[in-house]
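Any value given below was found using the heavy atoms of this structure, including those in side chains, with hydrogens, waters and symmetry copies removed. None of these values were measured; they are calculated from a predicted model. Chain A is the first sequence line, chain B the second, and so forth, proteins listed ahead of strands; every chain is numbered from 1.
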Amino acid sequence: MSGTIKVLNVAEKPSVAKSVSGLLSRNQGLRVREGRSRYNKIFEFNYSIRGQPCQMLFTSVTGHLMELEFEDRFRKWHSCDPGDLYHAPVRKFVPEDKLDIKRTLEEEARRCQWLVLWLDCDREGENIAFEVIEVCRAVKRNLTIRRARFSALIEREIHHATQNLVDPNQWFSDAVDARQEIDLRIGASFTRFQTMLLRDKFVIDSATDDRNLVLSYGPCQFPTLGFVVERYWEVQSHEPEEFWTINCSHKSDEGVATFNWMRGHLFDYTCAVIVYEMCVQEPNATVTKVQHQEKLKYPPYPLSTIELEKRASRYFRMSSEHTMKVAEDLYQAGFISYPRTETDSFSSRTDLHAIVQEQQEHPEWGSYAQRLLDPETGLWRNPGSGGHDDKAHPPIHPTKFSAGEHGWSQDHRKLYELVVRHFLACVSQPAVGAETIVEIDIAGELFSASGRMILERNYLDVYRYESWGASMIPTYTVGQQFTPTSLTLDTGVTRPPPLLSEADLLSCMDKAGIGTDATMHDHIKKLLDRFYATKDSNTRFSPTNLGEALVMGYDDMGYELWKPNLRSMMEFDMKQVSVGNKSKDEVLATCLQQMKACFLDARLNKVKLLEAMAVFFERSNRAVGGDNYTAGEVVRQCNLCQESSMVLKKNREGNFMVGCSGFPQCRNAIWLPGSILEAAVTSNICTSCNPGPVNLIQFKFRQIEIPPGFNANHLGCIGGCDDTLRQLIEICGTGSRMSARGRGPTTTSSNVPRSSNHGVCIHCQQTGHSSNDCPSQFSRSRNSRSRVNSQNGEPSVSCSTCDTPCVLRTANTENNRGRKFYSCPSQECNFFIWEDDLNNGNGRSIPRSTANRSASNSSRRGGRGRVGRNGSRAADTTFVSATGDPVSNRCYVCGDPSHFANVCPNRGM
DNA sequence: GCAAGGTC
């Protein structure tokens, strides 16, 4: 056709390509052919856009076409310091399983003059649109690119969108680019860090093979875990409190009314008894109020994904993940509408009657559908609006009648039934009830009773998952008096809140904006897959030891990395990008800078994570990589094999080395002095060693094992430039050689009492005390006196601080080579004395550094107001002993301890 | 082996 242009149209999913093609072509002259991907067909038809004849080619992608990843040299876990992942280069690429879609787009784009994007009209859709643009433009630079904006797959809407094409929105896409990059960098850095830090140090029994265990961190999965842990702590810290309440009943010819005390309950037994005795002394009841009112119980809003998941969990105990799988099946087979939607209100253009009409033949709910369509019943009501609209999909509703298909599982049947009944309920009148509330006065105390009569069931007839109880009470009139049939003082005990159910968890996530309707169930499943949480048969979640330890560790650092605030802040920034208030680069720079600082700080405080893990798990003796060393942080790229990284490692005896992570293929190793107590890779880079970067290591030496004149704290480099480190290796030997000589770990302290009741201290790896009491964590004042003993003619020196016999050693420094000195073997003492100074009492001790001491727990904890693991109760309530003895005798009206409530002057005011 | 987001 002369003047006809070819237009390539691309939708986000095959179903939309099919629907839009059908609507635009009105199924006239619609042809379909295969693309390179088996799922993404190509539809062809003729159409006219604003008078321009077009040959339309309509195909689709399947969600995102591209992935974001680090460049290859950063992808191996040991290839770099996880802290580097905040600035490591990333690239966007089409993964292997999407290459066939990419080829289809390239082939079709070459033949076309226009590209029209029909991706979903949300931020992710806009980003996918730009992915499609990138692929198509690469093969055809002069493509005219237009965007179709539509909010429902309805004929009029689609025609309107086609005739009113707009430009794609770069801001929307930028917001997603920023989100992707932030998620990747945060997720990968924290995941690598905590996995490498913890996995091999503890026996994590939840996993069958904990060598492959990944302790992932993600900005969505961790807050989800946080919800579970927080509720669990709330339950654990609950202390039951006994309370008292007064119940009253009245039986007449018409039936029984149960009156509830309008004070609810009291925690103070004395007060309750006083009030009760007053009532018993004057038990005559006077009716003070009789109120009749009509009550409506409304049907639910149209069904969104989250509501579907919550209701399937509540009604059928189906997991959200399984619900989505079944819903996807039903959608693919055409029985229900698109199942991933936030929308909970129907467009006024939706033909709701037509949907009901389809269901008229069903043996169970067909007659209800008929009643709905009969105007005389008055049952129809236009559905309410839940106030959410994702502008892309309608609420979930039935799209095809079925009385049950062959091959459907019970769950398919149940879910289809739920979707249909929910839809029918939405377009129904609310249930109507008549409620009566009666209030009485006994000795000045008020009690109330209520009864309900169901007048019209309406939607409840079809929505059998909900009920509305009816209860009858006798007729009362104001002023009527009677004597109660019973008046009792009853006791009860407060109970903790229940563990979070799956529906609760979804609500928490929804409220805090964690995940999307399409991903929330994934985050919940991830908690189970990662062994962070378990779900009981009642769909209630508890954290595992692992999950609780991780949250506890970060919590003890004082970070809210496990709370939803981080995600909320990110979402806020993304919103700013999407409306053009901030640029993508600006948000990326700020957010990543903050997160990197947080990451580095968390790594400095890693002892908190280790401590929290030690609460739940045994220390592991496992060797890593066959070299008996526990892998740690990356120091530099291996200069031997050029492939892997040189990693700081520590063995069971506490000796350090820097070895190639490619061991045993690459055996490059630098053995470090045996006198190292602690070593940690820092983010500081050596300015002189090449090839760089070489990260500096913060060493802490055991003072007694290094000669005088050397500082116990040393920021060193293993790249070859560090003379101090080289001297100490020469003087003290390396950990490997010391071990070979059969030297026991020098951390053994003869003056620290050992007890089998303790585990191994996190700080010093010793038994006999907990990490809280670890002497290595506290500085002490020291004197500089020593005691010299003589035994068997041999001089012996005792430490001035702990009285432990000192060890005679030989210095090997340039200035003091061969000079003998005594030093205390205890790591908590830094005492040493030159042998030739023994007689003049020149013993010295060098003050320990306190730089590495972590901040006080208590100050942080107090400031955060956490629902504590330590237990808490309201300050204004009073405990009553198990025998019921009151512990408070203040007036409950005014609080005055000088009188009881029955004589309180303020009573009745 | 890491995230979260699309989707088959």
* Between A:Asn40 and A:Ser189, just flag the one whose closest nucleotide in DNA chain B comes earlier from the 5' side. => A:Ser189
* Asked: In whole angstroms, how far is the P atom of B:dA3 from the CH2 atom of A:Trp77?
  -> 8 Å
* Flag the pair A:Arg603 and A:Asp81 as a salt bridge only when some basic side-chain nitrogen lies within less than 4.0 angstrom of an acidic carboxylate oxygen. => yes
* Asked: Is the distance from OP1 or OP2 of B:dA3 to the nearest side-chain N or O of A:Arg567 less than 4.0 Å?
  -> no
* Could one point to a donor on the side chain of A:Glu69 or the base of B:dC2 with an acceptor on the other under 3.5 Å away? -> yes
* **Quiz item: cation-pi between A:Lys400 and A:Phe335, 6.0 Å / 45°** => yes
* Applying side chain to side chain donor-acceptor pair (under 3.5 Å), name anything that partners A:Ser21, two or more places apart in sequence or on another chain. => none
* Asked: Counting just side-chain N and O atoms, does A:Tyr338 come under 4.0 Å of either OP1 or OP2 of B:dT7?
  -> yes
* To do: Inspect the contact between A:Lys563 and A:Glu230 and indicate whether a charged nitrogen and a carboxylate oxygen are less than 4.0 angstrom apart.
  => yes
* Asked: Which part of the nucleic acid does A:Asp120 contact within heavy-atom distance under 4.0 Å: base, sugar-phosphate only, or nothing?
  -> sugar-phosphate
* Do A:Arg530 and A:Tyr532 meet the cation-pi criteria used here (NZ or CZ under 6.0 Å from the six-membered ring centre, within 45° of the axis)? -> no
* To do: Tell me what A:Arg179 touches on the nucleic acid: a base, only sugar-phosphate, or nothing, going by heavy atoms under 4.0 Å.
  => base
* For DNA chain B, whose closest nucleotide is more 5', that of A:Arg192 or that of A:His64? -> A:Arg192
* Asked: Base, sugar-phosphate, or nothing for A:Lys325, non-hydrogen atoms under 4.0 angstrom?
  -> nothing
* Mind checking what makes side chain to side chain donor-acceptor pair (under 3.5 Å) contact with A:Arg147, not counting sequence neighbours? -> A:Glu126
* A:Ile186 near the nucleic acid: base, sugar-phosphate alone, or nothing, with a heavy-atom cut-off under 4.0 Å? -> nothing
* Any stacking of A:Tyr217 on B:dA3, going by centres under 5.5 angstrom and planes within less than 30 degrees? -> no
* Where along residues 504-520 of chain A does a heavy atom come under 4.0 Å from DNA chain B, residue by residue in number order? -> A:Gly515, A:Thr516, A:Ala518, A:Thr519
* Structure fact -> Taken in chain and number order and not counting sequence neighbours, the residues that satisfy ring pair (Phe, Tyr, Trp, His ring centres under 6.0 Å) with A:Phe130 are none
* Asked: Do A:Phe222 and A:Tyr217 make the cut of ring centroids closer than 6.0 angstrom?
  -> yes
* Strand-adjacent residues in residues 87-104 of chain A, judged by heavy atoms under 4.0 Å from DNA chain B -> A:Lys98, A:Ile101
* Structure fact -> Here the distance between atom C1' of B:dA4 and atom CD of A:Gln180, to the nearest Å, is 8 Å
Give every donor-acceptor pair under 3.5 Å between a side-chain atom in residues 573-580 of chain A and any protein atom, sequence neighbours left out.
{"from": "A:Asp573", "atom 1": "OD1", "to": "A:Lys582", "atom 2": "NZ", "distance (Å)": "3.4"}
{"from": "A:Gln576", "atom 1": "OE1", "to": "A:Asn581", "atom 2": "ND2", "distance (Å)": "3.2"}
{"from": "A:Ser578", "atom 1": "OG", "to": "A:Lys575", "atom 2": "O", "distance (Å)": "2.8"}

